[in-house]
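For ligands, and for the atoms within them, numbers begin at 1 and follow the listed sequence. Predicted model, so just to flag it, every value in this text is computed and none were measured.
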Amino acid sequence: MGMDMRELLDRAKLYYTENQLFEIEDAVHIATKAHDGQKRKSGDPYITHPLSVAATLIDWGMDSDTVLAGILHDTVEDTGLTIPDIETRFGADVAFLVDGVTKVSKARSGMRSLDSYLPQTKDNLSKLLIAVGQDIRVIIIKLADRLHNMQTLQYMPVETQKKIARETLEVFAPLADRLNMGRVRVQLEELSFKYLNPVEYNHTKRLMESRLKKSQRRLGHVRHAVDRKLEEEKIPHEIDGRVKSVYSLYKKLDRVDAVDDVYDLIALRIVVDDIETCYLVLGVLHAMYTPVFDRIKDYIAQPKSNGYQSLHTTVTTNLGQIVEFQIRTHEMHYYAERGLAASFHYNEQKLTEDYRRRTIAELPADLAWIHNLQIAAAKAREGKAFSADDLKLGLFSDRIFIYSPKGDIFDLPHGSLPLDFAYRVHSDVAAKASGFMVNGVMKPFDYTLQHGDRVEILTSKSAKPKPDWANLVTTPHAKDKLRAQLKRSGGLLHQIARAKKFLPRRRAKSK
Ligand code: MN
């Protein structure tokens, strides 16, 4: 059975304003009407799918625009509803999100029809999701969409199951990880693993269960001792066991000899109020037990590239038991579970500069867009004005995406010309370029490439780089390559020119 309207509205009631709820109900009516008569493979009415996606988005704490877009996400592709219809009824933001989701699936079916699901395209697909998605909320809707499709995968033919599961494992789970959405990443991985490799899945799961039975009781003692000690020290805390996922155990077993060598099958997780207390707790643990020195990891001072923060340490108890601890603040815990989705939370939480400094980690340059997004989201939460541009992915905003005939995607700056593309593909190919077919039509060398163009480079054996190409390339990469090629062949040209001058004189002489 699937999600129905009552259930969705009951859930929504807890988080959204009267007006927002009114819009949500309106969207449910419109989507129900639009999908009328369509069925899922399970036999459920189609509307159960978008309603489940919307319910997930509510659980993730997304803003009401995203929930509305979740309800409407398949209407433009699968029904008569149009983007202008949605814009008229729900405004430009919701229309933008639905448009993004629709573009992602259209672009993907385009890629599939090229039958180029080769290894290199999985990188393409991630790029595509980010590029076409533009607004990170589009990606978050796609993740919720994928999660529900994975949850209802049993109704698909086995071949389709495997294909979808592989794509989920290779593209969507890593994407969730990149956004530090730990909970959905684990859900996607477990489901994919189960469909892709049921034998290994069941084997690993049984291995884990038998091992857990052995260690749980002993671990209970450690947990109790730590709990009591922290109480003595008057450190407010929560302590919890977190069990490794079946898939991550499976991956780890690849690298270690036996399950007994996996020390973090269960980790004890201690959640405290602030960063100072995290280090304090680390000290307490190291006084109680013997730390395994090469296993202390300070992801607070040096967050992982997706913004994940925590202290990790592994200790040996006096009974020889090896236990991993993870220590973090409430904010870090919340962010680790929900990741970027947490930035859009419906809570009107007031953020101080201090909170922001502590909870928003510095990220490496290639992930700076996440940081900018967090700042934008924080502004939004504080009720400060922020422009829609704050939510766009700056990473690709000045780039266009060009497809090769095989479906590979190359990102280039705005204003790039066909030769820029050719030099990106390969400088030897560029050197032999004699013309360009853009979307099946011949275009001149000074044609300005447009986002989404499919460019075929025509080559000829006799073609070679010409000095006036210098005016037909714009990227530093292409300019460098061309200059080097001209220099090489320029040397040759110079010799030929000299030889030509020399020849007539000889002829003249011989007359
Ligand atoms: Mn869908």
K.L.:
Which N, O or S atom name in D74 marks its closest approach to the Mn ion (ligand 1)?
P.N.:
OD2
K.L.:
Within H148, is some N, O or S atom less than 2.8 Å away from the Mn ion (ligand 1)?
P.N.:
no
K.L.:
Where the Mn ion (ligand 1) is the corner point, what angle links NE2 of H49 with NE2 of H73, to 10°?
P.N.:
90°
K.L.:
Say whether, by atom type as modelled, one donor and one acceptor occur between the side chain of T32 and the main chain of V28 under 3.5 angstrom.
P.N.:
yes
K.L.:
With a 4.0 Å cut-off on N to O distance, would you call K443 and D453 a salt bridge?
P.N.:
no
K.L.:
Search all heavy atoms of L449 against all heavy atoms of L417 and return the closest pair with its distance.
P.N.:
CD1-O, 3.5 Å
K.L.:
Report the name of the N/O/S atom of D145 located nearest to the Mn ion (ligand 1).
P.N.:
OD1
K.L.:
If the threshold is 4.0 Å, N to carboxylate O, is there a salt bridge linking K33 and D36?
P.N.:
no
